[in-house]
Amino acid sequence: EPEVTQTPSHQVTQMGQEVILRCVPISNHLYFYWYRQILGQKVEFLVSFYNNEISEKSEIFDDRFSVERPDGSNFTLKIRSTKLEDSAMYFCATELAGSYEQYFGPGTRLTVT
Amino acid sequence: AQTVTQSQPEMSVQEAETVTLSCTYDTSESDYYLFWYKQPPSRQMILVIRQEAYKQQNATENRFSVNFQKAAKSFSLKISDSQLGDAAMYFCAYRSASSGDKLTFGTGTRLAVRP
């Protein structure tokens, strides 16, 4: 069964550094999302992406965050000038057009020290 | 803005028994989708079941079924014949059918299964 994959599984970075989180969507899925989950809290929407454009973003997704699909397969989330409060589990989700079902990757645990 | 509420932080069920997890939501929209996701200790989010608001029939997926009460804005998940592998965090989620495609999650219910 096709799966969404994410790399790395765990990323440790120092405050102020830049990180790139990578996601490989399920083939033929055209809608992409990033969510985050701070430990012990609920999952929160960050951004949705379709046709090489951001469809919607939350207030969490400030100017330090960016997304792109650099090579037609990977979908990346970049966080510049990381802060301690960015420490969380980051989930990529992808969706087949018309299905309304989002399938999540295993997540990347980001730790900012 | 839509909100999703799960009022049961923790639930426990005996193996082979049935348990129901509650979820309520608030929306002014008439067309939307509701989902239950399971998050085991591995923390991966797994889609369990979905319900379209325009459908009166409750969704069923094997041992998992929902009780969707649109007027009451209630969407509970029933797990029958509970298994040890059902132990996880369960999140209820809302998605608009017309204004955006993001999922709005509740705070989750941690389900323990007693052998």
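Chain letters run A, B, ... following the sequence lines, proteins first and then strands; every chain starts at 1. Keep in mind that this is a model prediction, so the values were computed, not measured.
Only the side chain of B:Leu47 comes within less than 4.5 Å of a heavy atom of chain A; its backbone N, CA, C and O stay farther away. Neither the backbone nor the side chain of A:Tyr50 has a heavy atom closer than 4.5 Å to any heavy atom of chain B.
B:Ile46 and B:Tyr94 are members of different hydrophobic clusters when ILVMFWY side chains are connected at heavy-atom separations under 4.5 Å. Two different hydrophobic clusters hold A:Tyr35 and A:Phe32 under the rule that ILVMFWY side chains link at heavy-atom gaps under 4.5 Å. Linking ILVMFWY residues whenever their side-chain heavy atoms come closer than 4.5 Å, directly or via other members, places B:Val4 and B:Leu111 in the same cluster. Put simply, B:Phe75 and B:Met11 are part of the same group of oily side chains (I, L, V, M, F, W, Y) that touch within less than 4.5 Å, one to the next. Note on A:Phe65: it clusters hydrophobically with A:Met15, by side-chain heavy-atom contacts below 4.5 Å among ILVMFWY residues.
Remark: A:Lys57 NZ is loosely packed, at most 12 non-hydrogen atoms of other residues, nucleotides or ligands lying under 6.0 Å away. Atom CG of A:Asp71 has more than 12 neighbouring heavy atoms from other residues, nucleotides or ligands inside a 6.0 Å radius. More than 12 heavy atoms of other shown residues, nucleotides or ligands fall within 6.0 angstrom of atom CG in A:Asp62.
When the candidates B:Phe35, B:Phe91, B:Tyr37 are compared by the number of heavy-atom contacts under 4.5 Å with chain A, B:Tyr37 comes out ahead. When the candidates A:Ser48, A:Ser58, A:Ala93 are compared by the number of heavy-atom contacts under 4.5 Å with chain B, A:Ser48 comes out ahead. Among B:Ala97, B:Gly100, B:Gly106, the residue with the largest count of heavy-atom pairs under 4.5 Å with chain A is B:Gly106.
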Solution key, residues 37-46 of chain A side-chain donor-acceptor pairs under 3.5 Å, sequence neighbours excluded:
unit_1	atom_1	unit_2	atom_2	d
A:Gln37	OE1	B:Gln39	NE2	2.8
A:Gln37	OE1	B:Arg43	NH2	3.1
A:Gln37	NE2	A:Gln41	O	3.0
A:Gln37	NE2	B:Gln39	OE1	3.2
A:Glu44	OE1	A:Arg36	NE	3.3

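Within residues 99-108 of chain A, the residues having any heavy atom closer than 4.5 Å to a heavy atom of chain B are A:Ser99, A:Tyr100, A:Glu101, A:Gln102, A:Tyr103, A:Phe104, A:Gly105, A:Pro106, listed by residue number.
Separation of atoms CD (B:Gln44) and CD (A:Glu3) is listed at 6.5 Å; rounding is to 0.5 Å.
For A:Tyr31 against B:Asp101, the heavy-atom pair with the smallest separation is CD2-OD2, 4.1 Å.
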